[in-house]
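Scroll down for the structure; my scribbles are underneath it.
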Amino acid sequence: MSFLYKADPVRGAEWARLFAEQAPDIPFHCWPDYGAAEQVRYLAAWLPPENLASQFPNVEVVFSVGAGIDQFDFSLLPPDIPVVRMIEPGIAVGMVEYVTHAVLAIHRQSHLYARLQREQRWQEHPIKPAASCRIGVLGLGVMGQSVLSKLRDFGFPCAGWSRSAHALDGVDCYAGEDALPAFLARSDILICLLPLTQHTRGILNRKLFNALPAGAAVINVGRGGHLDEAALLEALASGQLSSATLDVCEIEPLPAGHPFWEHPNIVLTPHIASMTQPASAVEVVLDNIRRHQSGQPLIGLVDRSLGY
Ligand code: GLV
C-alpha cells in the first residue's frame, strides 16, 4: 500500500518529510516516481493522471491538494472512487488574511492614498466607520465562514449567501437564487468564495453587478470562471463598480496586454490568496486515511452531482 503525491514538487518534499515522521507505515512517493503502480492506494493531486484507472487500478481515494476540485476531469475518474477536497486550517487562515487585507485596503482607500503620494499631494478624506460598509460573501464554506467571522469583528455589517441555508453568529444569511437580489442590494463589498460549478460559472456578470449598490467593490478569490470579464470592465467604466480585486483569472497566467494589467481600478494578484500548507494538510489527509481504513465518513468528500 502506498501514497502518491502529484503536485508542486517543492511542497511534495515537505509532504514526504511529514509522512515519514507521522505515518512511517505508509510508503510515500512523489510524482513522477510512483514506485509500484499497483501498490498506490491513495493519490493526492492538483491534476490526477489522465489514465488513472488503468495506470493505478487500486487507488481507493483521490485527494485534491487544493480547496477547489473544478480542475479535475471527473469523466476520467471512476465513479466509485471517493474524491476529497482540501479542507485544512492553513488555507482558511491564508484566505482570511488576503480578504481582510483587501477589504481594509478598500475601506481605508489605500489605493487613493498611494496615488496621492505619487502625485505629492497631502490631502485628507473622511474616514467612514466600518458600520457603514456592508460586506457580502458569496459562498459559506469553511473559507467564507472564516472570512466573515474576522470581518464581523471589525464592525462591518456582514452577510453571506449560499445555495443551502446556514445560520452564523452575527451574520445575515441568505440562501438560494430567490434571496440573491436582496443579498446583493445590501453588499457594498462583495467577495466571491464560491466553488466553480455549472451553476456558479459566470455568476459575476452584468446582472449581478447591476444588483449591487452603485459604486460597490468586488473581490474575486474564487475562480476566474466565476467572472464575466467584459461585464466587469463595463461596470468599472460606468462607475457601477468602484474597484475589483482579482486573485484569479479565466486564463492564468493573465496574458500580456490584457486590459486588467493596467486598469487603474483593478488590483491583481497571481492566484496567491491562499495556499495549502503542508503541515496542516498532511494532518487532515492522514486523518482521512485513518477514517477510510476504519470505514468512517471522509471529511471534505466531494458530491460529484453538486460539483464540490
Ligand atoms: C487554490 O486555488 C485551491 O483550490 O486551493
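Excluded from the calculations below are hydrogen atoms, water molecules and symmetry mates; all remaining heavy atoms, backbone and side chain alike, are included. Just so you know, ligand 1 is whichever comes first in the structure, and atom 1 is the first atom listed for that ligand. Heads up: numbering here begins at 1 and tracks the sequence.
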Original post:
Under a 4.5 Å cut-off applied to non-hydrogen side-chain atoms, are Val218 and Thr245 in contact?
Top reply: no
Subject >> Salt-bridge criterion met for Glu14 and Arg17 (N-O under 4.0 Å) >> reply: yes
Subject >> For the student: nearest non-hydrogen atoms of Ser274 and Met95, plus distance >> reply: OG-N, 3.4 Å
Subject >> Electrostatic pair Arg290-Asp287, nearest N-O below 4.0 angstrom >> reply: no
Original post:
Applying side-chain hydrogen bond (donor to acceptor under 3.5 Å, both in side chains), which residue pairs with at least one partner in residues 84-94 are found, sequence neighbours left out?
Top reply: Glu88-Ser280
Original post:
Charged N to carboxylate O under 4.0 angstrom, Asp70 versus Arg223?
Top reply: yes
Original post:
At a 4.0 angstrom heavy-atom cut-off, what protein residues surround ligand 1?
Top reply: Trp46, Gly66, Ala67, Gly68, Arg223, His271
